[in-house]
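A quick note: this is a predicted structure, and the numbers were derived from the prediction, not measured.
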Amino acid sequence: MCRRAVRSPTCDAGSVTLFEVWAPRPERVRIEVDGAVHPMTRSPDGWWRADVHAVPGTRYGYLLDDDPTVLPDPRSARQPDGVHGRSALHALDPAGWTDANWTGRPLAGAIIYELHLGTFTPEGTFDAAVERLDHLVELGVTMVELMPVNAFDGSHNWGYDGVLWYAVHEPYGGPDGLQRFVNACHAKGLAVALDVVHNHLGPSGNYLPRFAPYLTEGRNTWGQSLNLDGPHSDPVRRFIIENALRWLRDFHIDALRLDAVHALVDRTATHLLAELAVETESLAAHVRRPLTLIAESDLNDPRLITPRAAGGYGLTGQWNDDLHHAVHTAVSGERQGYYADFGSLRCLAQTLTRGFFHAGTYSSFRGRIHGRPIDTRLIPASALLAYTCTHDQIGNRAIGDRPSAYLTDGQLAIKAALVLFSAYTPMLFMGEEWGARTPFQFFTSHTDPVIAAATATGRKDEFAEHGWDSDEIPDPQDPETLLRSKLNWAELEHDRHTRLLSCYRKLIGLRRERAEITDPRLTHVSVDYDENARWIAVRRGPLTLVCNLSEDQVSVPIAGLSLLSWEPATEGVSATEIPGHSFVILTGA
C-alpha cells in the first residue's frame with residue numbers, strides 16, 4: 001500500500017493507493033477513480049481518506065456533497081487536461097535523474113538568469129529551453145530562474161495565476177519535462193531557481209475554497225489573501241510549506257523565488273517565512289547541498305534576510321528594486337510614478353553602498369516613511385539581488401518595451417556594468433545580454449470569457465488613467481501579444497547585438513576573475529560622482545568602474561590602466577577621458 005507524508009497519491013503499478021484530501025467544509029466527500037465512485041471516511045481533523053486500487057496515470061477527482069462536478073485534487077501532481085480537468089496519478093521516474101554528484105550552488109557568487117519558459121524559445125517548452133543552455137553557460141550564468149510553472153488556466157500566462165500549486169503546467173512539458181530540464185541544467189553546472197506564488201490564487205480554476213478555508217476575507221492586489229493565521233490555518237501553512245519542499249526535494253530545485261511576500265499576512269509569533277526557512281535548512285542538511293530562499297518584497301525590511309539568531313527570518317536573499325530604480329532613472333532620465341524619488345547620482349551612490357535608498361526615509365510615491373536601514377555587519381551584500389530589468393520592470397510598462405527600445409547601446413552597457421560590478425548578486429532578464437528588441441508584454445489566455453474580458457479591459461483602463469491611448473495597450477488575451485514577446489534568437493546574427501553580448505560576457509568574466517568584485521562587504525565599496533558632469537565612479541579595491549552618463553565626453557579626475565570599456569577611454573596621468581554613454585574599468589586608480 002502506498003502512503004506518503006505529503007498526502008499526494010502516487011503509487012507503483014497494481015498497488016492500493018491511499019487517497020487523502022483535507023476538506024472540512026463539505027458534509028460528504030467521495031472520490032471518482034477512472035469513472036468509479038468510492039466513499040471516503042472523515043477523520044476529526046477534516047481529512048478524508050479512501051484506499052483504492054489504482055495505477056500510474058489513473059485519472060481521479062473529488063465529489064463534494066451532492067454536487068456532480070468532479071474537482072481536481074488540491075495537491076494534484078499532474079493535470080493532463082488543464083486545471084478544470086481530473087487529476088492524474090504521477091510520480092517522477094527515479095531513473096530520470098543523473099545528477100547524483102550535483103553539489104549545488106550557493107547564492108553568494110552567483111549570476112542569475114530569469115526567464116519565462118513560454119517565450120524563451122519559439123516552442124515554449126522545457127525541452128526546447130534545454131537546447132539553449134549552452135548559451136547561458138558561455139555567458140557565465142550559474143543559476144537559471146524560471147518564472148512560475150505551476151498549473152494555471154489556459155495555454156499561456158506569466159504564471160502568477162496558478163491555482164494548482166503542486167502540478168506543472170502541461171503545455172510546458174508537465175512534471176517530466178521539468179525533471180528533464182533540471183537534470184540537464186545540473187549536467188551543465190547550472191543551478192535552478194523556481195518562482196513560486198503563495199500569496200494568492202488565480203481567478204479561474206481555484207476550487208480550494210470548496211474544500212477548506214484556504215482563504216480569508218482580506219484581500220491584496222491580486223485577490224483574497226491566504227489564511228495564514230486564522231482558524232484552521234495550520235493545514236494551510238503546511239500546504240504551502242510542503243509545496244515549497246516538493247520543488248526542492250522531488251524536482252531537485254536549488255532555490256525558490258518567493259513572490260510578493262509583503263502580501264503574506266501572518267500575525268502569528270513565528271512568521272510563515274521563518275518557518276519555511278527552518279524547514280528548508282533541514283532539507284538542505286538531508287540532501288547535502290545548499291537550498292536558497294529569495295524573497296520578492298517592496299517593504300525594504302532587512303528582517304527578511306537577517307539571520308534568525310539576530311531576530312530575522314533567515315531567508316537567503318531578496319530582490320532589491322531600489323537599486324534597479326536608481327540605476328534605471330540615472331541612466332534613462334525617467335522619473336514618473338515610483339521613480340519620482342530616484343534619478344540623482346547621490347541616490348545611485350547610496351544604493352550601491354547601503355543597499356536600500358528608502359531606509360526610514362520619506363517615499364513620495366507612497367506618501368509616507370518607508371523602509372529600514374540594512375545592518376551591513378550582519379547582512380552580506382550578496383543577499384540582495386541587483387538587476388537592470390526584470391519581468392515586472394519590463395512587462396508592467398504600458399507596452400512592455402525593453403530598455404533596448406529607448407536607450408543607446410552605450411547606456412545599456414553602463415547599466416550592465418553598474419550591476420555586474422556591484423557587491424550584490426546580479427540577475428539578468430532573458431535577452432538583455434544582447435539588447436533584445438522584442439518586447440515582453442503582459443499576456444493571458446483565460447478560458448472564462450468573463451475573466452478574459454475583464455483582464456483585457458482592466459489593463460487598458462489602468463494605463464488610460466496615466467494618459468495612454470487605450471488603443472496602444474496590447475490586449476493580453478490576443479495570441480499575438482504572446483508571439484511578440486518571444487525572444488528572437490536570430491538577432492544574435494547582427495553585429496550590434498553580438499557586441500553587447502560580448503560586453504556582458506567580459507563583465508561577467510572579470511567578475512569571476514577578480515575577488516574584489518564579488519566581495520560582499522559594502523564597507524569595501526566607495527563611490528564618487530559629479531552630479532553636473534554626470535559621471536560616477538565605483539571603487540572596489542584596486543579596481544574602479546567609471547561611467548559617463550552624459551552624451552558628451554567627460555574628463556574624470558581618476559587615472560589608471562583600462563581593463564575593460566564600452567568605447568576606448570583616453571588614459572592620462574591624473575585623469576581619464578571617457579566618451580559619452582560609455583564606461584571604463586580601471587586598475588591602479
Side-chain angles (χ1 to χ4, degrees), residues 106-112 292 294-295 297 299-327 330 342 344-361 370-387 415-427 507-508 510-531 535-547 556-558 560 563 583-589:
L107 182 63
I111 302 288
I112 304 174
T292 297
I294 304 168
S297 171
L299 299 178
N300 283 15
D301 186 352
R303 285 181 298 178
L304 293 172
I305 49 177
T306 297
R308 292 193 303 279
Y313 294 167
L315 302 183
T316 324
Q318 73 173 85
W319 282 25
N320 184 5
D321 275 353
D322 275 18
L323 183 68
H324 167 271
H325 300 348
V327 170
F342 299 84
S344 69
L345 296 187
R346 177 187 66 84
C347 164
L348 178 55
Q350 178 174 324
T351 57
L352 288 169
T353 55
R354 300 184 212 168
F356 297 146
F357 178 62
H358 285 305
T361 57
H370 184 65
R372 294 175 60 187
I374 288 175
D375 187 343
T376 57
R377 299 169 302 171
L378 294 174
I379 301 174
S382 56
L384 294 176
L385 271 61
Y387 32 84
K415 294 178 72 174
L418 286 167
V419 165
L420 291 166
F421 195 77
S422 76
Y424 309 115
T425 296
M427 183 180 75
L507 284 166
I508 292 172
L510 187 63
R511 184 179 181 91
R512 178 179 295 175
E513 177 185 334
R514 300 297 295 258
E516 301 94 335
I517 306 180
T518 50
D519 183 346
R521 292 170 290 185
L522 287 175
T523 53
H524 287 200
V525 182
S526 62
V527 179
D528 297 316
Y529 58 89
D530 186 320
E531 202 80 64
W535 62 261
I536 187 168
V538 185
R539 298 182 184 273
R540 311 290 310 279
L543 302 180
T544 302
L545 166 68
V546 188
C547 300
V556 179
I558 300 173
L563 290 181
F583 76 84
V584 61
I585 296 178
L586 303 170
T587 183

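- When side chains are defined from C-beta on, L348 counts as touching V327, because their heavy atoms get closer than 4.5 Å.
- Contact annotation: the side chain of P373 never approaches that of R354 to less than 4.5 Å [non-hydrogen atoms, C-beta and beyond].
- The side-chain contact (heavy atoms from CB on, under 4.5 Å) test with L384 is passed by exactly one of I374, L522, L323: I374.
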Trace of the side-chain contact (heavy atoms from CB on, under 4.5 Å) decision for L345 with V527: CA-CA 10 Å; L345 296 187; V527 179; over 6 Å; no
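- Rounding to the nearest 0.5 Å gives a distance of 4.0 Å between CD1 of I517 and CG of L510.
- Residues E516 and R540 approach most closely at O-NH2, 2.9 Å, considering heavy atoms.
- The shortest non-hydrogen separation linking P426 to A110 is CD-O, 3.5 Å.
- The two residues F357 and D322 come nearest to each other via the heavy atoms N-OD2, 2.8 Å.
- Inter-residue side-chain proximity for F421 and R514 is flagged as unmet; no heavy-atom pair is nearer than 4.5 Å.
- Shown here for T518 and R511, the closest heavy-atom pair between the two residues is CG2-O, 3.6 Å.
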Verdict with reasoning, I585 to L507, per side-chain contact (heavy atoms from CB on, under 4.5 Å): CA-CA 10 Å; I585 296 178; L507 284 166; 3.9 Å; yes
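- Note that CG of D301 and CZ of F356 are 7.5 Å apart. Values are rounded to the nearest 0.5 Å.
- When all heavy atoms are compared, the tightest approach of G560 to L586 is O-CD2, 3.8 Å.
- Within the 4.5 Å cutoff, the side chain of D528 has heavy atoms near those of the R539 side chain.
- Here F342 and H324 keep their ring centres 6.0 angstrom or further from each other.
- In terms of modelled atom types and a separation under 3.5 Å, the side chain of N320 and the main chain of G355 share a donor-acceptor contact.
- Looking at every heavy atom in both residues, T425 comes nearest to S382 through OG1-O, 2.7 Å.
- Annotation: the span from L420 atom CG to M427 atom CE amounts to 12.0 Å, rounded to 0.5 Å.
- Within 6.0 Å of CZ on R308 lie more than 12 heavy atoms contributed by other residues, nucleotides or ligands.
- Annotation: side chain of L107 is in contact with side chain of L385 (closest heavy-atom distance under 4.5 Å).
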Test log, rule side-chain contact (heavy atoms from CB on, under 4.5 Å), inputs D375 and T306: CA-CA 9 Å; D375 187 343; T306 297; over 6 Å; no
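- Considering T353, V525, T523 as possible partners of T376, the one that fulfils the side-chain contact (heavy atoms from CB on, under 4.5 Å) test is T523.
- With 3.5 Å as the limit, one finds no donor-acceptor pair spanning the side chains of N300 and H358.
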Derivation and outcome, side-chain contact (heavy atoms from CB on, under 4.5 Å), residues L352 and Y529: CA-CA 12 Å; L352 288 169; Y529 58 89; over 6 Å; no
